[in-house]
Protein chains: 2
Amino acid sequence: MSEHPPFAVAVDLAIFTIRDGALSVLLVERGEEPYAGQWALPGGFVEPDEDAEQAAWRELHEETGVERFPGYLEQLRTYSAPDRDPRMRVVSVAHVALAPDLPEPTAGTDAADARWWVVDDLLEPTGAAAEEAPELAFDHRQILVDARERVRAKLEYTTLATEFVAEPFTLPELRRVYTAVWGTPPDLGNFRRKVLGTEGFVIPTDAHGSPTGSGGRRALLYRRGPATVVQPPMVRG
Amino acid sequence: MSEHPPFAVAVDLAIFTIRDGALSVLLVERGEEPYAGQWALPGGFVEPDEDAEQAAWRELHEETGVERFPGYLEQLRTYSAPDRDPRMRVVSVAHVALAPDLPEPTAGTDAADARWWVVDDLLEPTGAAAEEAPELAFDHRQILVDARERVRAKLEYTTLATEFVAEPFTLPELRRVYTAVWGTPPDLGNFRRKVLGTEGFVIPTDAHGSPTGSGGRRALLYRRGPATVVQPPMVRG
DNA sequence: CCAAAAGTGTTAGAGATACACCCATGA
DNA sequence: TCATGGGTGTATCTCTAACACTTTTGG
């Protein structure tokens, strides 16, 4: 019982953002074997002097090319099937990150390319997207499925949606986050009542946003409030 | 970037049950260094040919002494602080298990002793319990705190409470599960309406239970139903 | 002045809260 | 027959779903 077989410990990241009204995730094209040329979630090995969360933050900065990542990070779960990496025994602590719209990523050190993908195009491709949709390396498709479900669920009972928008933001912007993640827009009136009625969800400013299209009222601007939970939750669909 | 420092990967288990109306957890007294003589969550190293969940099931059988463990198991989260084990770099994939009242456990191979502890006596000891309450080894206190919070939360929006009672069970028994986990009893009438009104939560039988004390009506017996979620959730407090 | 986008009001109904009350059983 | 525990009923209140309506702005 004093055996401890050696494992490599990695972190993988599902980094989500909203682009053009669609929930999107950052993928990298692998430059090395295994799965060279295939698309995968960004990630890397945990260093001897850091924990998994520190490793995830480090990769987040490396892969997005942003020094001060403006978003949110949390652990998702650990994937440990013995054959998940053909090279050796690798256990991966997957994380979920959320951010407001980020610049186009730069390909990292060991990645051939990096870009944003619309999540639905990867997981439920229809029409033209079905041709383009790549298979993901390793068990990353499963990680992506679990990560999306985590985000969907957390929008219901937390104020996490505000991590998808840059401050200051308008309520219609925030509502578009829910629309993108859930696939269907929450009722306008009920949405506003819920957000404004939840103490500390958003903090009003006295400034107005700029017009969205041609014509239309200018929305009020808000900042993130200190609240983290929404009780009772917003309901999906 | 092609370095993979070697880690040991372990599983730790927070095994909960309800004993005498209190949420209880199984601890083992460590027989070996580090932390010899201190109490800890049961656990062990992941073997080369199994994943973390299989390792957790294996430990569950070994530590409880039960061949066919009757309860529920899920991954909690992974703890990976570099100094969490003084011997070497150990990453632990913690799990939560729930079971109906189990027999007194047998001390495992590398444990000096094993017994059930009332969780509140460990985490918020008052009065006499404060003397007895041991400090837990490693970061197991934190794991226990997180595990209890997971269980509390899941009772709200899932049918998980039924994993704490042996089939067939009565509704008052099930209600005592909520009372033990939340610390306060849900309203009797509302509780029944919620459980019976949630399709597939419980399945009625035509048998009656045996009397609890001296006097009192005999409760109807039920079995677990196929439902897993409770929508909208039961509310705590 | 019209269309588009933001914001407000209103009504019906579901569900929860907080009880009071009735039933079955053993001593 | 009474205490004990199981089970039912109900008035009130809160919140939400659904939808109609008003306001502000650009062209």
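Sequence lines set the chain letters: A, B, ... in the order given, protein chains first and strands last, and positions in each chain run from 1.
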| message | The side chain of A:P232 is closest to which nucleotide in this list: D:dC15, D:dG7, D:dG27? | response | D:dC15
Atom pair distance, as rounded to whole Å: [atom1] in [X] and [atom2] in [N]:
{"X": "B:F169", "N": "D:dG6", "atom1": "CZ", "atom2": "P", "answer": "15 Å"}
{"X": "A:L196", "N": "C:dA6", "atom1": "CG", "atom2": "P", "answer": "14 Å"}
{"X": "A:R175", "N": "C:dA6", "atom1": "CZ", "atom2": "P", "answer": "9 Å"}
{"X": "B:L174", "N": "D:dG7", "atom1": "CG", "atom2": "P", "answer": "12 Å"}
{"X": "A:N190", "N": "D:dT14", "atom1": "CG", "atom2": "P", "answer": "18 Å"}
{"X": "B:E173", "N": "D:dG7", "atom1": "CD", "atom2": "P", "answer": "11 Å"}
{"X": "B:E199", "N": "C:dG15", "atom1": "CD", "atom2": "P", "answer": "13 Å"}
{"X": "A:M234", "N": "D:dT16", "atom1": "CE", "atom2": "P", "answer": "10 Å"}

| said: Looking at A:Y178, I'd like to know if the NZ or CZ of A:R176 sits under 6.0 Å from its six-membered ring centre while staying within 45 degrees of the ring's axis. | reply: no
| field | Stepwise side-chain contact (heavy atoms from CB on, under 4.5 Å) test for A:L41 and A:L13 | value | CA-CA 6 Å; A:L41 297 174; A:L13 287 165; 5.8 Å; no
| said: Using a distance-only criterion (donor-acceptor N/O pair, under 3.5 Å, no hydrogens), is the base of D:dT14 paired with the side chain of A:R193? | reply: no
| query | Any donor and acceptor pair, going by atom type alone, linking the side chain of B:R19 with main-chain N or O of B:W116 inside 3.5 Å? | reply | no
| Would B:Y79 and B:D146 count as having a side-chain donor-acceptor pair, cut-off 3.5 Å? | yes
| Under 3.5 Å, is there a donor-acceptor pair between the B:S24 and B:T17 side chains? | no
| task | Search all heavy atoms of B:A133 against all heavy atoms of B:D121 and return the closest pair with its distance. | result | CB-O, 3.3 Å
Below 4.0 angstrom from OP1 or OP2 of [N], is there any side-chain N or O of [X]?
{"X": "B:R192", "N": "D:dG6", "result": "no"}
{"X": "B:K194", "N": "C:dG15", "result": "no"}
{"X": "B:T212", "N": "D:dG6", "result": "yes"}

| request: Please list residues of residues 216-231 of chain A whose heavy atoms come under 4.0 Å from any atom in DNA chain D, ordered by number; otherwise none. | output: A:G216, A:R217, A:R218
| query | Does B:G189 or B:P233 map to a spot on DNA chain C nearer the 5' end, using the closest nucleotide for each? | reply | B:P233
| query | For A:W117, which of A:L136, A:L123, A:L27 qualifies under side-chain contact (heavy atoms from CB on, under 4.5 Å)? | reply | A:L27
